[in-house]
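Below: one structure, written as C-alpha cells.
Reminder, nothing fancy here: chain letters follow the sequence lines and each chain counts from 1.
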Number of protein chains: 2
Amino acid sequence: MAANRNTIIRLSKYKSALFRLKALGFVKVFSDNLGDAIGVAPTQVRKDFSLFGISGSKRGGYQIEQLIENLNALLGKNQTEKAILAGIGNIGAALLHYKGFEKEGIKIVAGFDIDPSKYSKEAPTPILPLSEMGDFIKEHGIKIGIIAVPEIAAQIVLNAMVTSGIKGILNFAPLQLKSSNDVIINNINIELELENVIYHVNAMSTTEGVKSN
Amino acid sequence: MAANRNTIIRLSKYKSALFRLKALGFVKVFSDNLGDAIGVAPTQVRKDFSLFGISGSKRGGYQIEQLIENLNALLGKNQTEKAILAGIGNIGAALLHYKGFEKEGIKIVAGFDIDPSKYSKEAPTPILPLSEMGDFIKEHGIKIGIIAVPEIAAQIVLNAMVTSGIKGILNFAPLQLKSSNDVIINNINIELELENVIYHVNAMSTTEGVKSN
DNA sequence: TAGATTGTTAATCGATTAACAATC
DNA sequence: TAGATTGTTAATCGATTAACAATC
C-alpha cells in the first residue's frame, strides 16, 4: 500500500522515460506508453500515480511536463542534494568523477580517505582526511553519505557517519551494513549482482537445452 | 516457488555469512543464526535450502563446510567464470581493477573501448578496440559481459555482445536495457539507487517529525 | 455521441511467515 | 527421555494485475 522501495524506483524510472519522451517532442503520454517504456503493466503505472495523488485526464492521458514536475517534487529533486563520499579507491574515485549525478541534482561535496597521498584540499571536490569527516558532516549539515571503503572499514565508517548526522547511505562495500532504523542504507554489492547473472546463465543453459556451443 | 532472483541473492548472502562464520572457527550453524546474519526469518532460510534440496540434521543444524560446498555447487562457483568488460571510463576502469571479483571466482579477461589511447594489448588484462569484441567473445566462448559505456552506446554494445554469444550481462549504463529473454540482464543504476536513498531520507524527515536540525 | 482512457476496487499471484509433526 | 531444530504444509501478507464504472 505505502511507498515501498520498488514503487519509488519505478517513479524514478518513469521520470527518466518522460525526459526521453520530452526530448523527442512528445507532450502527453498514456499509462500504456509509460508502462511499455519501463516494462510494467499500464495498471501499475496508474496505480503508482494514484498512490501519490498524481492524476491525468480520463481521455487525454498525462501531460509530460506536469508529470515531470510532480515526480520531481515527490522525489525531492527540486533542490540540489549534497553528499559526501568515504573511500577514494577504485570505486570511490570513479564515483567522484561520475557525471551522472549532476543531472539528478546530486553533488558530492567532499571525499574522505585515510591515505594522505589522496588528500587534495584545493580540488573542486576536496579530498580530506577521514578523521575530519565528522566535523565536515556537522558543519555542512550533510544528510547523505556514500561508502566505498574496504569491507573491513565499512562498519566503522558507517558508525562515524551516523553519529555525525548522516541519514541515508549508499554502500558499495561488499557486506550487509546494519544500523538503527532511522537511517536508510542501500547496499550495492557488485560481486553479488555479477554472481547472480552467472547463476542464471548457468541455470538457463542446463535447464533449457544447451544451445550452439 | 522457483528460484527467483531474490532467492539466489539470499543464497549468495548465506555463503558470505558462512565464510565469515567459518573464519571465526564455527563448524555448524542453525537456521536461526543464519537468518540473523543476513536479516531474514529462520523459516526463510530453511525454505530456501529445502527448495534446492540442501538439508541439515534435525537436531544439529547445518555443517558449515558442507553448506558452503552445496552453495558453491549451486551458484556455479566451482570453476572460474570469464567475463569481458565494455567501456573503460570511470566505472569501467574501477571494475577492471576491482579486487572483489577474484575471490568470487570471476575474472575479467579483457576490456574494450573505442578510444585508442586506452588500448594496451600487453597488459595482464588487455584493453582492445571495441571492434574486436565480437571475435574475442566467439573465440574464447565468453558468456558474461559487463557494460560500462555511456548511455548512448549501451544498446549497440548490448546487441554486439548478444550477437556474439554473450548470455548474461551486468549493465552500469543508466538505462533499462532490453533484449530477447534468453539473455539475462542485470541493471545497476547508481544514480537511481542514490536518488532512492535521498527520497527515503526526505520522506522520513517529513513524516516522523523533524529531529534536531 | 462513441470510443478511449483513467482511477479504483476486487481478484490473483507469489513470496514470506507461522505452525507443527517428524526426529535427532 | 526431553528438548531443540529441521522440513514442509497451511496461512498470511503484500504487491501486481484484471475488471470495470466514471468520464473526457
Original post:
Taking any strand in view, what nucleotide pairs with dG7(C) in a Watson-Crick or G-U wobble way, both distances under 3.5 Å?
Top reply: dC20(D)
Original post:
What is the pairing partner of dG14(D), taking Watson-Crick or G-U wobble pairs with both distances under 3.5 Å in any strand?
Top reply: dC13(C)
If I take atom [atom1] in residue [X] and atom [atom2] in nucleotide [N], what distance separates them, rounded to the nearest angstrom?
X: Asn70(A); N: dG7(C); atom1: CG; atom2: P; answer: 11 Å
X: Arg46(B); N: dA22(C); atom1: CZ; atom2: P; answer: 16 Å
X: Ile9(A); N: dA15(D); atom1: CD1; atom2: P; answer: 14 Å
X: Gln44(B); N: dA19(C); atom1: CD; atom2: P; answer: 16 Å
X: Leu51(A); N: dG14(D); atom1: CG; atom2: C1'; answer: 13 Å
X: Arg5(B); N: dA15(D); atom1: CZ; atom2: P; answer: 17 Å
X: Ile8(B); N: dA15(C); atom1: CD1; atom2: C1'; answer: 14 Å

**OP:** Let me know, please, whether Asn6(B) or Arg59(B) comes out on the 5' side of the other along DNA chain C by nearest nucleotide.
**Re:** Asn6(B)
Subject >> Comparing Ser57(A) and Lys47(A) on DNA chain C - which has the more 5′ nearest nucleotide >> reply: Ser57(A)
Subject >> Nucleotide nearest Thr43(A) when distance is taken to its side chain, options dA18(D), dT8(D), dA4(D) >> reply: dA18(D)
Original post:
Between the side chain of Asp113(B) and the main-chain N/O of Gly87(B), is any donor-acceptor distance below 3.5 Å?
Top reply: no
**OP:** Measure from the side-chain N and O atoms of Asp48(B) to the backbone N and O of Phe52(B), and report whether any donor-acceptor pair falls under 3.5 Å.
**Re:** no
Contact under 4.0 Å: [X] side-chain N or O vs [N] OP1/OP2:
X: Arg10(A); N: dT16(D); result: yes
X: Asn4(B); N: dG14(C); result: no
X: Tyr62(B); N: dC24(C); result: no

Subject >> Ile152(B) atom CD1: more than 12 heavy-atom contacts under 6.0 Å >> reply: no
Original post:
Would you call Glu104(A) and Lys15(A) a salt bridge, using N to O less than 4.0 angstrom?
Top reply: yes
Subject >> Lys103(A)/Glu191(B) ion pair, N-O < 4.0 Å >> reply: yes
Original post:
Does Lys58(A) get its side chain close enough to the base of dT5(C), under 3.5 Å, for a donor-acceptor pair?
Top reply: no
**OP:** Under 4.0 Å from any atom of DNA chain D, heavy atoms only: list the residues of residues 26-38 of chain B that qualify, in numerical order.
**Re:** Phe30(B), Ser31(B)
**OP:** Pick base, sugar-phosphate or nothing for Gly56(B), based on heavy-atom distances below 4.0 Å to the nucleic acid.
**Re:** sugar-phosphate
Original post:
Heavy-atom distance under 4.5 Å between the side chains of Met161(B) and Met133(B), does that happen here?
Top reply: yes
Original post:
Any side-chain donor paired with an acceptor under 3.5 Å for Asn189(A) and Glu193(A)?
Top reply: no
